[in-house]
Amino acid sequence: MFRAVKTDVRFPDQEESILQFWKEQGIYQRSLEQRAGGEPFVFFEGPPTANGLPHPGHCLTRAIKDLFPRYRTMRGYWCQRKAGWDTHGLPVEVEVCKELGIHSKEEIEAYGVEKFIAKCQHSVWRYMQEWERVTERLGFWIDLSQAYVTYHQSFVESVWWSLKNFFDRGLLYRGHKIVWWWAQGGTALSSGEVGQGYREVADPSVYVRFPLIDEPHTSLVVWTTTPWTLPSNQFAAVHEGIDYAYCRDVETGDTAIVAAQLVEMLSEKIKRPLTVDKTVPGRDLVGKRYRPPFDFYESKIGEQTGNLREGGQTVRQWRVVHADFVTLDSGTGIVHLAPAFGEVDYDVLVAQRELFHDGNGPDLLCAVGPDGKFTDDAPEYRGVWVKDADRPITRALRDRGLLWHQEQYVHDYPFCWRASEDPLIQYPRESWFIRTTSFRDAMLENNRAIGWHPEHIGPGRFGNFLESNVDWALSRERYWGTPLPIWVCESTGKMEAIASYDELCSKPGIRGLEVWEQAKKNQPDLADDLKVHKPYIDAVTYDSPYRAGSRMQRVSEVIDCWYDSGAMPFAQWGYPLRGTDLFESQFPADFISEAIDQTRGWFYSQLAISTMLFGNKPGQIAPKGNIPYPHPFKNCIVLGLMLAEWYESKDGKQRFLTEEEAREALGNDFVHKTGKMSKQLRNYRSPQEIFDRYGADALRWYLFANQAPWNSILYSERAIRDSIPEFLLRLWNVFSFFTIYAEIDGFQGPAEITSPLDQLTGDELAKAPSYRPVPERSELDRWMLSDLAATCRTVIERMDRYDSYGACQALHHVVDALSNWYVRRSRSRYWAAEKSSPDKLDAYWTLYESLVVLAKLIAPFTPFMAENLWRHLTAGLKGVRESVHLCDYPDGSFAQADTLLNTRMDLLREIASLGRSARMDAKLKVRQPLGRVEVTLADGSHIPWLTEHDDIIREELNVKEIHYASGSSPYVSYSVQPNFRRLGPRVGPLLPKLKQALASASGAQLMDEMSRDGKISLSIDGQTIELDGEDIQVRFTAKSGWAAAQGKNGVVALHTELTPELIREGIAKDAIRIIQDLRKKRQCDFTDRIAIEIITADAAVREAIDSHRDFISQETLAVSVTIRESGGPLSDSESIELADVPVSIALSVQSREK
RNA sequence: GCGCACGUAGCUCAGUUGGUUAGAGCGCCACCCUGAUAAGGUGGAGGUCCGUGGUUCGAAUCCACGCGUGCGCACCA
């Protein structure tokens, strides 16, 4: 027995109660248990960092991560969903520093690393509740209780194990890296952080002469915007292919060498003529020695030479070298290289060293300390902050006649995002690297096997990134991160890697474990996982195997937290110390998803680690006896970025308003803005607001159904709200319609069935006595189920291709068909008086079954709505599955997909739509019956079928008669066009003329010729062309002067003359509508009987009502309809216009039973 | 500067291997229908398919060069 549901739904309230139900009944757990032993569908959760609040963008990733596992689970796969949290890294440290009001590493050290780490560990969980709430509220089913956490000991040990593997294979090495360095804070910044801090500044721009040693009175001229790097100069770079000019500078009497192409420009700049003596190619300059601008180093090592690998000797530095990056865009075409302060400069140094025998190459010259101040190497400037040294250095150059020219240069330069007055400098730091470059080809091969969605990511952005791979700079000179598990011998410098805490503890002569033990004793609630972190792990030392009496001490660095996330495929299980079975059964992933910003983040870190670690090469791990590419993930949906929208005043003074706020404050005088979501700008609203107002399903449906997931998507409250009626509300209204009538008629549904129920499949429902086999039902019923079955197959096919957007389109389409055609066309069947007529029961069963199938079909997309429907549809039934999420996904096997029927029904709908359009043109409202319509179709083959369904069109269009034709027709004119696709290859250049010929001929004649001869002959440019039926396309046009409308497949024309009888019927129908309105106004029950009294002076109206009295009574459940010409005012009456005349009408309820 | 993507109606987006009248939803306006009614339907207005050139009988679609936007990378010596 079904109970009518209210139509004024509050989806958010319903969702909250469903969440409660899921929780109490452990539905998620049971959905998993039920599939245990099924084929695994492996999902990896890319760990979010819980260090900040979740924002709308996270809802998108979490929604899509939920969709596919839910879908696969219903399809029978076993899909575990282990949550994870990314917990390490600089952002956590920064958060803690803010809290403590400190900045620099010195301040952290002063505060105490031990206390600092403990704070970091706590800080990680600060927003955990918000994260869990959003996750749950969105309906993201994931096992939060089993979440992996990157700081946990088991995770850290897995990471150690993989690093030891790399170390032992020689893939982990120590080298130098030029980093963006925050000197005041004593730390390097990641490229993301650097990118945040760019600012336009004016720097000094100096042109400096480097005198050549072997050519008197001749100088290279170089340009730099960082004069403070000049004392550390090591080379001057030219490009071999560029021509350089020796120019006489009249003022100095010196010869200046600059790029030939720039002579003129430079001459203007220095405002004096430069006379070119000769021009030489860059390669002729390579090897020439020059005098550096400062002699701090030259005075000590100026004559230092080294032995070249190719034989011979040369001076180590202060030579001209070739470099590819030299261009003529700015400067002089000769580049000053200070390898300590530039990445490309450093690369040149490394390349130069390669030329020499080991130990013979140039050392790195660096006159600046990590604090950004000059060291003893440059005594003149010792202790001066580099930026403050620009002026004195420039002055010194001028004094010594080396300053050729000086100006200001405006450019963007990075500053520290945490201390906006501190400029960053490039600075060399010792760093640990992973030799990813030697796996470049393997990574590319692995990448080619991955199913990227969209496809272009693979060869495009991601592939390109792999092509330009450089070794992974792994180490960070910070505190809160996975410690690099390498111990160094204090006397020999030899190193070894450690793979676990136990391995460490078993080392001979182990000492320092007590530091942790003591800390734990003092503070028993300290998380045990901290023992593998700084500072405790740093205290652990052991006997060196390399020299008796020496100790092994850990290096001080922690690692890049991207490595943590990339290691999660195995580290989430603690593999290989723990979880071997789990890892092997859950690797590789079938599906992962993140937004495009993870290309160089998680997508790369996973691929790099997996490619290097797992395989058949010596030293690699081969779980399950090797794993073919791709691994560690097979499919990846790369989501677009979510954009914020806001409103602001036209002058931009009031920003980041909601639409409501803007309307209130500014009237209509505001602009709509969209842009990147930004925490700082606070230009987005909390997802919770959406959940509370519209519900999670509304948000999910908006995210899934509005565009392909890789397009960027606007987080727009209005757009989310607007997407509700088209799907969720429409479906809910259909369901509500069903319950209203099922309650009135006492439709039992599956409650009739005595045998055990399970998922309410067609086979189960067929056991109900009143359930008739589908083939015995009306065409409309068969069509609906066939359309639904076809939709099931379409959705499955698309979801298997990871095309969630396409699947949503199919769902949208079928809900529209159900609501706007099936229910609309079936209404009268539900109103039918005979409660147990087979047709009425068929209508109920068809609608019921459709709703059951839809509940299952939409379950992965809008899980709340699906559950809500399911719970109502199965209320009171015994044995049926408690949750729709415990059901199998419908595969459409309940009905044949009848494509012919579908085509015909589409045609029928088109005819109805055209008829309504024609009525509109003729200004004939649908309530006015018409005598006849003429339907002319391009293709006559469906006419017999359509004729059988006259009743539908007659009712839709409110006409008495309908006539179909396919031949010539007085309402239609034809135009014939060539079938371009077919004829293009055949006649090619003649096509335009052929088109012309067909257009100018009479369409009707061509049609006649075609039907007589089966072909048309045309002569064009002397060539005879024969066209068969498929070579032409016939286009229909309604002839003007008729109330007619044309569509793709035909024309619908109306007979518009009205007989007195038709007019009377129209009036009666108007009367019915008015009475129905009154019933509603009086809040009558659907089944209340009423008495009607009508008073009007108009004889035509009286006659119309009188002659249709029975019809009116039947439609309005009236026991009596009284008509009077005049009389005293009726009590409780309403005065209304009917057929343009005044009418007074009274309604009284007679009985409320039945 | 380099790479990738995108550029189609007021907004958000579809648009199959090139086929000649470019679609949908929303919004706006008008009308209609209505015992699902805080729904539903029909129509209208609104497009140099970013621009230029090319290939072709035919280009929103393919090619080239630009312009603009987003993202990423690099550079700013």
Side-chain angles (χ1 to χ4, degrees), chain A residues 7-9 191 195 203 222-226 229 237 323 325-327 329-331 334-338 341-345 409 411-414 454 456-457 459-465 467-468 595-597 599-600 640-641 643 672 674-676 705-708 710-714 716 718-719 722-723 725-726 729-730 732-741 805 809 812 819-820 823-824 827 831 912-913 916-921 923 925-927 977-985 987-995 1033 1035 1045 1073 1076-1077 1079-1080 1084-1086 1115-1117:
Chain A
T7 46
D8 57 341
V9 275
S191 64
D203 271 325
V222 303
W223 174 71
T224 179
T225 55
T226 49
T229 61
F325 57 79
V326 174
T327 64
D329 295 344
S330 53
I334 306 177
V335 174
H336 142 69
L337 296 185
F341 309 115
E343 208 169 344
V344 289
D345 307 42
Y409 187 73
H411 63 164
D412 286 328
Y413 194 87
H456 63 73
I457 298 284
R461 186 175 285 211
F462 195 69
N464 290 338
F465 173 62
E467 295 274 2
S468 60
I596 189 149
D597 55 0
T599 309
R600 287 123 209 277
L641 291 176
L643 303 177
H672 180 232
T674 60
K676 214 175 148 176
N706 271 279
Q707 64 280 298
W710 39 86
N711 286 331
S712 62
I713 179 168
L714 200 60
S716 156
R718 180 205 271 273
D722 287 345
S723 75
E726 65 163 31
L729 198 53
R730 192 175 282 178
W732 183 256
N733 277 324
V734 172
F735 168 68
S736 159
F737 175 90
F738 168 79
T739 58
I740 289 167
Y741 289 97
Y805 175 55
Q809 286 178 319
H812 180 261
S819 171
N820 291 329
V823 169
R824 177 190 171 86
R827 266 194 190 124
W831 299 336
S913 165
R916 281 193 293 264
S917 167
R919 268 186 173 277
M920 179 79 63
D921 278 352
K923 298 205 186 316
K925 49 190 179 181
V926 179
R927 238 181 282 116
Q977 283 216 322
N979 179 342
F980 292 97
R981 198 185 282 260
R982 245 172 95 90
L983 291 174
V987 305
L990 290 180
L991 250 181
K993 283 181 176 164
L994 178 62
K995 178 185 174 184
Q1033 299 163 322
R1035 202 163 273 158
R1073 187 184 70 82
Q1076 301 287 37
D1077 269 358
R1079 282 189 66 118
K1080 197 171 7 165
C1084 291
D1085 270 354
F1086 293 127
E1115 290 291 311
T1116 61
L1117 298 183

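Values in this document were obtained by computation on a predicted structure and should not be read as measured data. Protein chains get the first letters and strands the later ones, always in sequence-line order, with residue 1 at the start of each.
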Inset, instruction - Just call it for A:Trp223: base, sugar-phosphate, or nothing, with non-hydrogen atoms closer than 4.0 Å on any strand. - result: base

Inset, instruction - For A:Gln1076, answer base if it contacts any base atom (sugar-phosphate contacts may also be present), sugar-phosphate if it contacts only those atoms, and nothing otherwise; contact means non-hydrogen atoms under 4.0 Å. - result: base

Inset, instruction - Can you check each nucleotide of nucleotides 2-7 of chain B against protein heavy atoms at under 4.0 Å and return B for base, S for sugar-phosphate only, - for none, in 5' to 3' order? - result: -BBS--

Inset, instruction - Please state how far atom NE2 in A:His336 lies from atom P in B:C76, giving the value in whole angstrom units. - result: 11 Å

Legend entry - Integer-rounded Å distance: B:C11 P and A:Gln707 CD: 16 Å

Inset, instruction - Looking at every strand, decide which applies to A:Val222 at a 4.0 Å heavy-atom threshold: base, sugar-phosphate, or nothing. - result: nothing

Inset, instruction - Determine: side-chain N/O of A:Asn820 to OP1/OP2 of B:G41, distance under 4.0 Å, yes or no. - result: yes

Inset, instruction - Have a look at A:Leu641 and say if it touches a base, only the backbone sugar-phosphate, or nothing, with a 4.0 Å heavy-atom cut-off. - result: sugar-phosphate

Inset, instruction - Pick base, sugar-phosphate or nothing for A:Thr224, based on heavy-atom distances below 4.0 Å to the nucleic acid. - result: sugar-phosphate

Legend entry - Spacing of A:Asp597 atom CG relative to B:G70 atom C1', expressed in whole Å: 13 Å

Inset, instruction - Identify the nucleotide, in any strand shown, that forms a Watson-Crick or G-U wobble pair with B:C57, with both distances under 3.5 Å; if there is none, say none. - result: B:G19

Inset, instruction - State the pairing partner of B:C2; accept Watson-Crick or G-U wobble contacts with both distances under 3.5 Å, and report none otherwise. - result: B:G72

Legend entry - Step-by-step side-chain contact (heavy atoms from CB on, under 4.5 Å) determination, A:Phe737 to A:Val823: CA-CA 9 Å; A:Phe737 175 90; A:Val823 169; 3.8 Å; yes

Legend entry - Spacing of the P atoms in B:U52 and B:A59 (rounded, Å): 14 Å

Inset, instruction - Over all heavy atoms of both residues, which pair between A:Leu337 and A:Asp345 is shortest? Give the atoms and the distance, please. - result: CA-OD2, 3.4 Å

Inset, instruction - Let me know the distance between CG of A:Asn733 and C1' of B:A38, rounded to the nearest Å. - result: 10 Å

Legend entry - Rounded distance in Å - CH2 (A:Trp732) to P (B:G40): 16 Å

Inset, instruction - May I ask you to test the A:Pro978-A:Leu991 pair for a side-chain heavy-atom distance under 4.5 Å? - result: yes

Legend entry - Gap in Å between the two C1' atoms, one belonging to B:G51 and one to B:U12, rounded: 24 Å

Inset, instruction - Could you tell me whether A:Ser819 contacts a base, only the sugar-phosphate backbone, or nothing, with contacts defined as non-hydrogen atoms closer than 4.0 Å? - result: base

Inset, instruction - List in chain and number order the residues that pass salt bridge (charged side-chain N to carboxylate O under 4.0 Å, His left out) with A:Arg600, two or more places apart in sequence or in another chain; answer none if no residue qualifies. - result: none

Legend entry - Which atom of A:Asn464 lies closest to which atom of A:Pro459, heavy atoms considered: OD1-O, 3.7 Å

Inset, instruction - Figure out the OH/C1' separation between A:Tyr805 and B:G25, and round it to whole Å. - result: 9 Å

Inset, instruction - Take A:Thr226 and A:His812, find for each the nucleotide of RNA chain B with the closest heavy atom, and name the residue whose nucleotide sits nearer the 5' end. - result: A:His812

Inset, instruction - Give one of base, sugar-phosphate or nothing for A:Tyr741, where a contact means two heavy atoms less than 4.0 Å apart. - result: sugar-phosphate

Inset, instruction - Identify which nucleotide among B:C71, B:C75, B:U17 has an atom closest to any side-chain atom of A:Arg981, counting heavy atoms from C-beta outward. - result: B:U17

Inset, instruction - By nearest nucleotide on RNA chain B, pick out whichever of A:Phe735 and A:Val335 is the more 5' one. - result: A:Phe735

Inset, instruction - Grab the CZ-C1' distance between A:Arg824 and B:C33 for me, whole Å please. - result: 8 Å

Legend entry - N/O donor-acceptor pair, side chain A:Arg730 with base B:A39, under 3.5 angstrom: no

Legend entry - Spacing between A:Leu337 atom CG and B:C76 atom P, to the nearest angstrom: 10 Å

